[in-house]
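All chains are named by letter (A, B, ...) in the order of the sequence lines, taking the proteins before the strands, and each is independently numbered beginning at 1. Just so we're clear, the structure is a prediction, and the values are computed from it rather than from any experiment. Side chains included, hydrogens not; waters and symmetry mates left out as well; all remaining heavy atoms used.
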Protein chains: 2
Amino acid sequence: MSPRSGRRPGSEDTKAEILAVARRLFAQRGYRETTLRDIGAAAGVDPSLVSHYFQCKERLFSVALEVPLVPAEILDLLRGGDPSRAGERVIRLFLRLWEGPPTREPLLAMLRSAVSDDRARELLASFLGAAVVEPVGTVLEGAERELRATLVGSQLVGLAVARYLLCIEPLASADPERLVAWIAPTLQAYLAG
Amino acid sequence: MSPRSGRRPGSEDTKAEILAVARRLFAQRGYRETTLRDIGAAAGVDPSLVSHYFQCKERLFSVALEVPLVPAEILDLLRGGDPSRAGERVIRLFLRLWEGPPTREPLLAMLRSAVSDDRARELLASFLGAAVVEPVGTVLEGAERELRATLVGSQLVGLAVARYLLCIEPLASADPERLVAWIAPTLQAYLAG
């Protein structure tokens, strides 16, 4: 518990304090080098309390940086259901997140800051590497698994930049179902190898 | 000729003056709304002199904003050679531009400023719409031509962001030939419809 707050652990203030410390440490040290133990120590609480609130480092990062997605959901999506439709499930999840303003705004903010600020860029790259590319790579089969995971990411980030950020027409106002029809096969080709 | 410069038309100063005026007018009015006539008038030279130096508006824009590519080159690429390998030609041109630091730097600068600055974003979107998406749409066959042209753009911009800007591994250090092998079929599917 933070000596500064003077409140009992378990309160909302303790959670907020842990999130503030997490944002600071992730930004200073990068995703890989920051542990739940470090964050607990810097927030003045037992690491088990950090785990109790946020379960794992990926989830703490997602909550602290307002990423509206925990990477484990991507893995569930890839493993659950018909493998030949994994690409379609991924693009549908992506569009669900980006089409809704409450989830689009923090994603846009993260993308903007990663493009314009070196520290934000390094943090996002280290998070994506450790929490998305490597785990997704272990779920895929065949050669060049991690490269293929990043190729999926390249099509998705390009869609985000072109549709939601640069607003290039007619992509910006295209019906989401048309995007599913065109992009699902691209993602499927990268995922299936 | 600009009264300020006091030099004869035909000098490098006149060219530089035209470029400075073009940058200003494109930024103020957008790509579509700016004509060679406007630029000539604002630079105090005959529009024919602007055409003499820069041939067409696309080329003037490319030179003024240091885009290391004239969109007409993309059209030549799509129309020239085996149609079933158009996707491969496009990704090879893209990689040639982005792998060389002298051409990569202005592209990165343009991407960064379009992401962080609304006016730069609008300018790039209006340029890409009028000078790339519409002409490429007329070269393609089948349904949803302009949408498919922007889908090609989405995969390319995503590759640029993930490989050269965010530097996500292993995409950032992947051999260009591996990228051709994976991405050419994606572009081909969008181009062929």
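- Counting heavy atoms from C-beta on, the side chains of B:K15 and B:F54 come closer than 4.5 Å.
- Across every non-hydrogen atom of B:G87 and B:L187, the tightest pair is O-CD1, 3.7 Å.
- Both the backbone and the side chain of B:I183 come within contact range of chain A, each with at least one heavy atom under 4.5 Å from a heavy atom of that chain.
- Between B:R121 and B:D118 a salt bridge is recorded (basic side-chain N to carboxylate O distance below 4.0 Å).
- Residue-level contacts of residues 132-166 of chain A with chain B, in order of numbering, are A:V133, A:E144, A:E146, A:L147, A:R148, A:T150, A:L151, A:S154, A:Q155, A:V157, A:G158, A:L159, A:V161, A:A162, A:L165, A:L166; threshold 4.5 Å between heavy atoms.
- With respect to A:D38 and A:R29, a salt bridge is recorded, a charged nitrogen being found less than 4.0 Å from a carboxylate O.
- Between chain B and the options A:L128, A:T186, A:I168, the largest number of non-hydrogen pairs under 4.5 Å is found for A:T186.
- At a 4.5 Å heavy-atom cutoff, the contact between A:A189 and chain B is made by backbone atoms alone.
- Taking CG of B:L191 as the reference point, atom CZ of B:R85 lies at 14.0 Å (rounded to 0.5 Å).
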*With side-chain hydrogen bond (donor to acceptor under 3.5 Å, both in side chains) as the test, would you mind laying out the steps for A:S173 and A:E169 before giving the verdict?*
CA-CA 7 Å; A:S173 46; A:E169 292 293 359; 2.6 Å; yes
_Stepwise side-chain hydrogen bond (donor to acceptor under 3.5 Å, both in side chains) test for B:S48 and B:S51_ = CA-CA 5 Å; B:S48 66; B:S51 306; over 6 Å; no
